[in-house]
Amino acid sequence: DAGVTQSPTHLIKTRGQQVTLRCSPKSGHDTVSWYQQALGQGPQFIFQYYEEEERQRGNFPDRFSGHQFPNYSSELNVNALLLGDSALYLCASSFGQGRVEQYFGPGTRLTVT
Amino acid sequence: TQLLEQSPQFLSIQEGENLTVYCNSSSVFSSLQWYRQEPGEGPVLLVTVVTGGEVKKLKRLTFQFGDARKDSSLHITAAQPGDTGLYLCAGERYSSASKIIFGSGTRLSIRP
């Protein structure tokens with residue numbers, strides 16, 4: 001039973017560039033949430049996708065956008081990267097939009113220089 | 001404003017000792033989850049509590065949800081080096097059922 005997978009593992013970008021991160025949910029799950037985790041902090045909710053639409057959004061600017069595909073996989077896009085965007089980006093999957101339990105992937109470590 | 005406060009932030013104890021970490025809020029949550037995260041990895045779900053006053057046990061770990069659904073505790077008995085990690089609590093708010101709020105975590109180190 002494949003768990004949540006994310007790619008790439010690590011990424012280094014320059015300020016002003018754009019980045020795309022990818023996530024495949026756990027088998028049987030249809031909902032994907034994205035989180036940003038700065039060093040020494042807990043994860044901060046970015047947004048959630050269900051049925052290919054953004055359903056909930058945290059306090060993040062429009063530079064952060066996403067997409068969900070028919071196979072439930074998802075992408076997180078960040079435009080005009082800032083140094084402060086450096087963080088571990090986590091994807092979590094679950095079954096159903098109103099679900100309680102979610103399972104996290106290993107994350108993508110993004111460094112912006 | 002940090003909606004979920006975890007304490008202590010750091011804890012280093014000897015193997016075999018007992019410990020309790022706390023997760024407190026002024027907000028009411030429909031459910032609360034505890035995760036453990038190791039360096040370079042995503043959080044791993046340990047338990048979900050949904051009923052006020054609920055107690056759940058997972059081997060040497062005991063989790064309790066406060067009666068008013070505003071706080072929770074995690075108690076570890078006879079800690080082992082394998083318990084080392086970052087422990088995160090996360091609450092699901094009634095007003096936004098799909099939005100989970102995480103605490104900043106308790107970093108636990110168990111010395112052999």
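A note on names: the letters A, B, ... follow the listed sequences, proteins ahead of strands, and every chain is numbered from 1.
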Expected list for residues 103-113 of chain A: side-chain donor-acceptor pairs under 3.5 angstrom, two or more places apart:
residue  : atom : partner : partner atom : Å
A:Thr108 : OG1  : A:Pro8  : O            : 2.5
A:Thr113 : OG1  : A:Lys13 : O            : 3.4

Pair up each side-chain donor or acceptor in residues 37-47 of chain B with any protein partner under 3.5 Å, not counting sequence neighbours, and list the distances.
residue : atom : partner : partner atom : Å
B:Gln37 : OE1  : A:Gln37 : NE2          : 2.8
B:Gln37 : NE2  : A:Gln37 : OE1          : 2.8
B:Gln37 : NE2  : B:Glu41 : O            : 2.7

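For the residue pair B:Thr77 and B:Asn18, no side-chain donor N or O sits within less than 3.5 Å of a side-chain acceptor on the partner. B:Tyr35 and B:Gln33 share a side-chain donor-acceptor pair at under 3.5 Å. For the residue pair A:Ser94 and A:His29, no side-chain donor N or O sits within less than 3.5 Å of a side-chain acceptor on the partner.
Within residues 57-73 of chain A, the residues having any heavy atom closer than 4.5 Å to a heavy atom of chain B are A:Arg57, listed by residue number.
Pairs passing the side chain to side chain donor-acceptor pair (under 3.5 Å) check and including a residue from residues 50-67 of chain B, sequence neighbours excluded, read B:Arg60-B:Asp83.
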